[in-house]
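This report concerns only the one structure given below.
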Amino acid sequence: MAFDSGLIDWAREALEPLGTITHRPMMGAAVLYCDGLVFAVVDEESIYFKNDKVSAPVWDEAGCPPFTFTGKDGETVSMNYRRAPDEVYDDAEAMQRWAALALEASQRAPIKRKRR
């Protein structure tokens, strides 16, 4: 899996009002951060925003499928990220609305402590 650097550039530009957007390659995709907080994953053609139990109904209503990948054992693995609605790819305000929902989910997530 590869990631679309043009999509990352678009996200950085559209989401500038929300904070500093950075990315880090991870397992063939790219993880997006807003002011250091993980909120999205970008693959070769899509952006997936973080969701949780609180926001899942909103994503379900919009028909946004979860981010999945094939694990080492061939099993399909699903993560707490949802494919963004089509409108975010050409509408900065839509990108900001959906990203804000993802940032709220990230802020609600428990803090992971680094192992020593």
**Report entry** Rounded distance [0.5 Å steps], CZ in F69 versus OG1 in T76
**Finding:** 9.5 Å

Requested in this report: Determine, step by step, whether Y81 and Y48 satisfy the ring-ring contact (aromatic ring centres under 6.0 Å, His included) criterion, reporting the C-alpha distance in whole Å, the side-chain angles of both residues, the deciding distance to 0.1 Å, and the verdict.
Outcome: CA-CA 5 Å; Y81 290 83; Y48 293 83; 8.2 Å; no

Query raised in the report: Is there a donor-acceptor pair under 3.5 Å between the side chain of N80 and the backbone N or O of D52?
Result: no

Query raised in the report: OG of S106 to CG of N51: how many Å apart, nearest 0.5 Å?
Result: 10.0 Å

Query raised in the report: Can you find a pair of side-chain heavy atoms, one from V77 and one from T68, that are under 4.5 Å apart?
Result: no

Query raised in the report: With side chains defined as the heavy atoms from C-beta onward, is the minimum distance between E87 and M95 less than 4.5 Å?
Result: no

Query raised in the report: For L18, does its backbone N or O pair with a side-chain atom of Q96 as donor and acceptor, under 3.5 Å?
Result: no

Query raised in the report: Any side-chain heavy atom of F49 within less than 4.5 Å of one from I47?
Result: yes

Requested in this report: May I ask you to test the D60-R82 pair for a side-chain heavy-atom distance under 4.5 Å?
Outcome: yes

Query raised in the report: Tell me, do E75 and T70 make a side-chain contact under 4.5 Å, heavy atoms counted?
Result: no

Requested in this report: Could you state whether L37 and L15 fall into the same hydrophobic cluster, counting links through intermediate Ile, Leu, Val, Met, Phe, Trp or Tyr residues with side-chain heavy atoms under 4.5 angstrom apart?
Outcome: yes

Report task. List the atom of A11, the atom of I21, and the distance in Å for their closest heavy-atom pair. Result -> O-CG1, 4.4 Å

Query raised in the report: Would you say the side chain of L32 lies within less than 4.5 Å of the side chain of V41, judging by non-hydrogen atoms?
Result: no

Query - Note, H23 side chain near Y33 side chain (heavy atom, < 4.5 Å) - result: no

Report task. Check whether any side-chain heavy atom of F67 lies under 4.5 Å from a side-chain heavy atom of S46, and answer yes or no. Result -> no

Report task. Report the distance from atom OG1 of T22 to atom CZ of R12, rounding to the nearest 0.5 Å. Result -> 7.5 Å

Report task. Quick one: sort the W98 and W59 rings into parallel, tilted or perpendicular, breaks at 30° and 60°. Result -> tilted

Report task. Compare every heavy atom of D86 with every heavy atom of R83, then report the nearest pair and how far apart it is. Result -> NH1-OD1, 3.2 Å

**Report entry** Spatial distance of atom CD (E13) from atom CD1 (I8) [nearest 0.5 Å]
**Finding:** 14.0 Å

Query raised in the report: How far does CG of L103 sit from OG of S55, to the nearest 0.5 angstrom?
Result: 11.0 Å

